[in-house]
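Labels below follow one simple rule: chain letters A, B, ... track the order of the sequence lines, proteins then strands, and each chain is numbered from 1.
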Amino acid sequence: MATVLSPKDFATATPSWWCAGCGDFGVLASLKQACADLALKPKDVAFISGIGCSGKISGYLHSYAFHGVHGRALPTATAVKLANTDLTVIVAGGDGDGYAIGAGHFLHAVRRNPNMTYIVMDNQTYGLTKGQSSPTSALGFKAGPHPDGNPDAPINGLAIALAAGGTFVARGFSSEPKAMTEMIKEAVRHPGFAVVEVISPCVTFNKVNTYKWFKENVYHVGEAGDYDVHDRNKAFSTLAEPGKIPLGIFYRELRPTLEALTLGTAHEPINSLPIETVDPRLPALQDAYA
Amino acid sequence: MIINDIEVLFGGQAGDGSLTTGDLIATVFKRMGLELYTFKDFPSRIRGGHTNYVIRAGEHRHYGLADFVDAMVAFDVECVQKHITEMRPGGFVIFDNSSDVLTEALRRPDVFFYEIPLAKIAKEELGLELVRNTISLGVLAALIGMDPEIVRKLVTAQYARKGDKVVSQNVAAIEAGERCVRECFTRESGYGLRARPDGDRLLMMGNDAIGYGSLVAGCRFMAGYPITPATDILEWMAKHAPAYGGIVVQAEDELAAINMVIGASYAGVRAMTATSGPGQALMTEAVGLAGVVETPIVVIECARAGPSTGMPTKTEQSNLNHIIFSGHGEIPKVVLAPETVEDSFYLTVDAFNLADRYQLPVFVLTEQALCQSKESVARLDLSAVKVDRGKLVRDGGVVFGEYKRFSFSQDGVSARVIPGVEGGMHLAAGSEHSEAGVITEDARNRERMMEKRMHKLEAMRAELPKPRVIGDPSASISFIAFGSNRGPISEAQDRLAARGIATRLLQLRTLWPFPEEEVRDFVSTASQVFVVENNYSGQLERLIRYVTGPLERMHSVRKYSGRPFRPIEIIDAVERIVRPSQTAMQAWAPQVAVR
C-alpha cells in the first residue's frame, strides 16, 4: 500500500525558536519535502544535529533526532550508520559547528565516506551567541569580539571537502526551496558522504550578506553551458574562483563507503546481532592463552 | 637453594627483543606449573632507551612484584646501573660483556656475576647476532633448571613462522647457552625450579581480559584513538571482534571516539572505548552528553603517569579524581576498578550490564601495572555471564504520542527505544528536556529530571560490585586500596602476619558511587588504617575522609615514582607506625611517603 507522504508527516509539534525570516526555515521545509518525496519513514530516519541556531533543527523533524555536543554530530552519526545501515542518516549543523569546532571531524567524515548526508547551514556568523565572526564570515566582518573587523580570512568548506576526498559536494540557497529539495534528495540518494552547504542568511546579525545581497551574487553552475559533475579539477576551480558564489552540485563520484569497507557485504545491521546468549565459539578463545 | 620462587629481570635497549624473550620465559614458567606476575617497564620510544621485563614466578600467586630481583639478565651496563640496588643478596646477574665492561663500583659482593659474551657467541658461533637473547635464555635455563624440553618446544613455536633455518639457529642458541654454563662455570645459581602440573590455566594480560570481557559481554562496536597503555584493547578488539560481527573504528581523536560510542549505543549496539589520561581529558566533554541523553557507554581508562604527557609507559593512580569528578554539570556515573587480571574480565562484563540497566556511562579504571601485566589465571568462567540489556525496546509495541523516552520512573530508568522502532520517534538532546524529549528550561521539570537521573545512583547500590575483604577479617590493623595495589598489599599482609601483625584489606572494586557504608563500617572497627595508593596527593584517602572525617589513625601511603609498590615498602610503612623500633626495611632501600 503506497501512501503519498507530505512534509507534514515529518513535522513535530515543537514550535521553532528561530527568528522570523531566518534562512533555516527554508532548509527545514526543503528537508521535510525531500523526506516525503523519497518516501522515507520517520522511524527509519536518524537526524543528528550540532549546536547553534542550526542545531535546533533536529527538534523540528519528526524522526529519531539526536542533538549532541557542539561540533561532534558527524562522529555520532557515523557510528549510528555503522550500527544500523538500514537507517537513513542525515546530519545538520552550522558553519561554526562544522568548520570551526568540528572541523577535524568534518575532514575525517569526508575521507571515510559513510553513506549519509551532511547539511551545513551557513549563515556566516554565530547567531545563537549573538553575532560573532564564524569561519565563513568575510574578512573585516564587524562583530562582538572583532569590533574593528574580523582579521581571519574565511574558509572554503566545499573546496576542503573536495581536497579531503569528497564524493558529493554541493551548495544550495535557502530561498530556492525547489532546487534545494532536489539537491537534498540527490544527496540522500548518493551512496556515500554527501556534503550540502546551504546559504542560510541570518536576518538578525548579518546586515551585509542579506537575501537581497545573495540574490545578486549567486549563479548556478551549468547556466552558461555544460558542467561535468565528474570533473574534479573543474569543481575545484569553480569553487575557488573569486566573484559570484556558485550554486549546484559541483562534484560527485562513486567510492566504496565506510560501511562497505568495514562491514563487508551481506551483513545484518550490527545492532541486531544476537548477543544475549554468549556465542558458543567464545570460550575457546581462551585457548590462545593456555 | 631457593626452589620455585624467583623474580627475573630481563633488560636491555628498547627494540632489541627483550620483551619478546621476556614473554617466552614467562610462558616457560607457566608451563612448568608456576604462578606468574609480569611487569613491563619500557620507555616511550620505539628503539633505544632502557627497557626491562620483570617476571615473577613462584608456588603462590602474588599479583605483584617481590621485594627484590633474584636474577638479572643484563645486555648492557645501563641495565646493571639501573637495577643493581634492586637485587636480592645472594642473587645473580647474567651480563653480556661482549662490548660493555662492568666497573668495580657496580659489582655488589653479595651478587654473583655470570659474565658471558652473548652477542659475540651469537655472531661468531651462530652467525646471527639476533639470537643473543635466545642464548641468554639457554644460560638462564641451565642456571635455574628450566625444563629443557619446554624451552625447546616454545622457542620452536615462537620462531616457526620465520622458517626452519631461524628455528634451528635458535635451538642451537639455547644449546650454546646451556653449554656455556656447563663448561665455564662451576658455581651454582642458588635457585632451582621444579615443574608442577600446569593445569588448565591461562597466562593473560589485563588488557586481554578487558577485550575478552567486552566481547563476551556482547560489545560489538569499539572506537578508540591509539594511546599507551590502552591501545592493546583497541588492537585486541580489531583482531577478534569481526569474527563475531563487531567492528572497530580508529577515530581521529578521543572526542570523535566517545561520540561514536554514544552514536553506536544510541542505535542499539553495546559499545565502548578505551583510553588513558590525556584521552580521558578530551572524552570528558561527551561524558555529560551520555549521562543526560541516558545512553549507556563503557569507557576503559588505563591509567598512566600524568600530568600532560607525563610518563606514558609508567603506572599511576592519579586519575581517580579526574574520572570521578570530571565533567561540567552533574550526571550519574559508575567507576569500577578491577584488582587482578580475572577481575578485569568480570568487572568489564559487569560494566556493560550496569551501563545498559541504568543507561549511563560506566568507567573501568585500571592502570599500567595491571592492564599491561600478565598473570597466571584459572580459566575464565563464562557460565556465570549474563547479558542484561535493561529496559531496551527493539521490537515495537510503542505508540507514538504515548511513549515518552525520558519518562519518570521508580528507579530513574525509562524504556529506551532505538532508531527503527515504529512509534518511538523522539528527540534525544543534550539540552534539558521533558519526559517526551522536548527541549525545555521549565524550573519544575528541571528539578524532576535531575532527581530522576541522579536517583539511579541510589537505585543501583545493591547491584554494584562489592569491596572484598582480604586477610584476617577480625584484624584491627587495616588497609584500604584499589587496583593493582591488591598484589603488594596482600603479600605484605602474609609477611606481616608471620611477624605477628594481623591485618585486613578492604579492596574497593566500585569507586563511584563511593561505597560509603562499607568504608564507614570498616574504618569504625580499625585501630589503624593505611590507605595505599600510587599518587602524590592521596586521592583515595581524601575520598575516605569525606565519609569518615579526619582521623588520626588514618595514614596515607603514597608512591608516585611511576613504579608499583614492592611489598617491603608497605611492610615498612606499617611497622613505622605500629612498632617503630623493629622495622624490617633495609637501610639503603627507598622509603615511600607516609602522611
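In terms of non-hydrogen atom pairs under 4.5 Å with chain A, the most contact-rich of Ala256(B), Gly218(B), Pro419(B) is Pro419(B). Comparing Met205(B), His426(B), Arg220(B) by heavy-atom pairs within less than 4.5 Å of chain A, the highest count is held by His426(B). In terms of non-hydrogen atom pairs under 4.5 Å with chain B, the most contact-rich of Lys56(A), Lys43(A), His108(A), Lys41(A) is Lys43(A). Comparing Asp287(A), Ile275(A), Val69(A) by heavy-atom pairs within less than 4.5 Å of chain B, the highest count is held by Ile275(A). No other option in Ala286(B), Ala223(B), Gly424(B), Gly268(B) has as many heavy-atom pairs under 4.5 Å with chain A as Gly424(B). Among the candidates Thr14(A), Thr262(A), Leu285(A), the residue making the largest number of heavy-atom pairs closer than 4.5 Å to chain B is Leu285(A). Contact tally against chain A (heavy-atom pairs below 4.5 Å) for Val216(B), Ile262(B), Leu255(B): the top residue is Leu255(B). Per-residue heavy-atom pair counts under 4.5 Å with chain A were compared for Asp208(B), Ile258(B), Val385(B), Leu427(B), and the maximum is reached by Leu427(B). Note: Leu203(B) leads Asp200(B), Leu203(B), Val261(B), Val292(B) in heavy-atom pairs under 4.5 Å with chain A.
Within the 4.5 Å cutoff, side-chain heavy atoms of Leu82(A) are placed close to those of Phe221(B). Two residues are said to be in side-chain contact when any heavy atoms from C-beta on lie closer than 4.5 Å; Arg379(B) and Pro283(A) fail this criterion. The side-chain heavy atoms of Val421(B) and Tyr64(A), taken from C-beta on, include a pair separated by under 4.5 Å. Under the 4.5 Å side-chain criterion, counting only non-hydrogen atoms from C-beta, Asp44(A) is not in contact with Thr88(A).
At a 4.5 Å heavy-atom cutoff, Arg405(B) makes no contact with chain A through either its backbone or its side chain. Contacts of Leu87(A) with chain B are made by side-chain atoms alone, with heavy-atom separations under 4.5 Å and no backbone atom involved. Interface remark: Tyr244(B) contributes backbone and side-chain atoms alike to the contact with chain A (heavy atom separation under 4.5 Å). At a 4.5 Å heavy-atom cutoff, the contact between Lys30(B) and chain A is made by side-chain atoms alone. The part of His240(B) that comes within reach of chain A is its side chain, from C-beta onward, which places non-hydrogen atoms under 4.5 angstrom from that chain. In this structure, the portions of Arg281(A) lying under 4.5 Å from any heavy atom of chain B include both its backbone and its side chain. There is no contact between Asp86(A) and chain B, counting heavy-atom distances below 4.5 Å.
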Problem set entry | Working for salt bridge (charged side-chain N to carboxylate O under 4.0 Å, His left out), residues Glu259(A) and Arg112(A) | CA-CA 9 Å; Glu259(A) 307 88 273; Arg112(A) 288 191 181 107; over 6 Å; no
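Taking the six-membered ring for Trp and the full ring otherwise, the centers of His62(A) and Phe400(B) sit less than 6.0 Å from each other. In this structure, Phe193(A) has its ring center at least 6.0 angstrom away from the ring center of Phe168(A).
A donor-acceptor contact shorter than 3.5 Å links the side chain of Gln286(A) to the backbone of Leu380(B).
Here the closest non-hydrogen pair linking Val80(A) and Gly263(B) is CG2-O, 3.4 Å.
Using a 30° and 60° split on the angle between ring planes, Tyr60(A) and Trp18(A) fall in the perpendicular class, above 60°.
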